[in-house]
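Order of the sequence lines fixes the chain letters, A, B, ..., with proteins taken first and strands second; residue numbering starts at 1 for each chain. Keep in mind that this is a model prediction, so the values were computed, not measured.
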Amino acid sequence: MRQRIAVIDFETSGITPGRDCRATEIGVAMVEDGRVVDRFQSLMNAGVWVPPMIEQLTGISNAMLKSAPPAHRVMRDAAAFVGETPLAAHNASFDRKFWDYELARLGLARRQDFACTLLLSRRLLPQAPDHKLGTLTRWAGLPAAGRAHRALADAEMAANLLSHLEGTLQRQFQLADIDHALLCKLQKVTAAKVKPYLRELQAKLVV
DNA sequence: TGCCAGGCCCTCTTTAGGGCCTT
């Protein structure tokens with residue numbers, strides 16, 4: 001895919017954004033032509049407490065966040081880095097709500113859609129043992145990008161997965177011009193109907 | 001008072017329930 005896509009990943013202090021639950025780290029992997037061509041990463045201090053279970057999961061401690069730059073400054077920089085670039089994430093419904101919440105605190109609003117590598121892999125890689133980002137990375141033989149559950153490493157793994165999914169579409173359905181809009185359309189087609197949909201699309205392009 | 005996600009997918013479904021996935 002020649003088009004640039006910004007693949008983002010948040011580490012957070014919990015599941016639902018709000019007063020007590022905020023982003024603690026953001027990673028952005030800018031992918032183009034199947035390669036990561038640019039990166040953004042920063043811890044951010046939003047003044048929230050990270051529970052021990054999440055400290056252990058991510059390796060991001062409360063002590064690390066004390067010296068991190070403030071969340072509003074990091075998010076402003078991240079928003080400038082992404083600009084109008086189309087977005088993607090693994091389980092995008094999760095990252096989208098934190099992206100929207102953190103931007104809203106700055107008086108900013110998202111204008112582009114999110115493609116979701118979880119929804120796409122459920123449709124295009126049904127034979128995978130499960131659809132966790134780490135499992136898919138190992139199963140597809142994609143490069144490990146660093147410590148799992150850190151924002152940039154996970155963003156790069158999701159970027160690699162996105163390129164792998166694109167390759168699957170090209171090989172199995174001879175679709176050459178895959179863009180972000182097609183991915184967003186594809187993830188809305190139900191899993192059961194995605195293959196007939198792609199064959200129909202392929203036939204239209206061949207004729 | 002106490003508790004607190006939510007969207008997607010599958011099936012022993014659709015007047016529902018449980019598992020997956022993210023931190």
Aromatic plane relationship, A/Trp139 with A/His164 - under 30° parallel, 30 to 60° tilted, over 60° perpendicular: perpendicular

P atoms of B/dT15 and B/dC20, separation to the nearest Å: 25 Å

Test: A/Glu84 and A/Arg111 ion pair at under 4.0 Å: yes

Qualifying residue, where the test is side chain to side chain contact (heavy atoms under 4.5 Å, CB included) with A/Ile60 and the options are A/Val50, A/Ile54, A/Thr12, A/Leu65: A/Leu65

Please tabulate, one pair per line, each protein N/O and nucleotide N/O from nucleotides 10-14 of chain B that are separated by under 3.5 Å, including the distance.
none

Separation of the C1' atoms in B/dA5 and B/dT23, to the nearest angstrom: 11 Å

Protein-nucleotide distance (A/Phe114, atom CZ; B/dC8, atom P), rounded to Å: 15 Å

Between NE2 on residue A/His90 and OG on residue A/Ser121, distance to nearest 0.5 Å: 5.5 Å

A/Phe173: partners by ring-ring contact (aromatic ring centres under 6.0 Å, His included), with sequence neighbours left out: none

Value in whole Å for how far the C1' atom of B/dC4 lies from CG of A/Asp20: 12 Å

Spacing of the C1' atoms in B/dG18 and B/dT14 (rounded, Å): 15 Å

Atom P, compared across B/dG6 and B/dG2: separation rounded to whole Å: 22 Å

Distance between C1' atoms of B/dC4 and B/dC10 (Å, rounded): 26 Å

A/Gln170 CD: over 12 foreign heavy atoms closer than 6.0 Å: yes

All N/O pairs under 3.5 Å across the protein-nucleotides 21-23 of chain B interface:
| residue | atom | partner | partner atom | Å |
| --- | --- | --- | --- | --- |
| B/dC21 | OP1 | A/His131 | N | 2.5 |
| B/dC21 | O2 | A/Asn91 | ND2 | 3.0 |
| B/dT22 | OP1 | A/Leu133 | N | 2.8 |
| B/dT22 | O4' | A/Asn91 | ND2 | 2.9 |
| B/dT23 | OP1 | A/Asp154 | OD2 | 3.2 |
| B/dT23 | OP2 | A/His149 | ND1 | 3.2 |
| B/dT23 | O3' | A/Glu11 | OE1 | 2.8 |
| B/dT23 | O3' | A/Thr12 | N | 3.0 |

C1'-based separation of B/dG7 from B/dT1 [nearest Å]: 29 Å

Between B/dC12 and B/dA16 - C1' atom distance, rounded Å: 11 Å

Residue A/Arg35 excluded, over 12 heavy atoms near CZ under 6.0 Å: no

A/Asp177 atom CG, over 12 foreign heavy atoms within 6.0 Å: no

Verify same cluster id: A/Leu133, A/Leu124 (apolar side-chain graph, 4.5 Å): yes

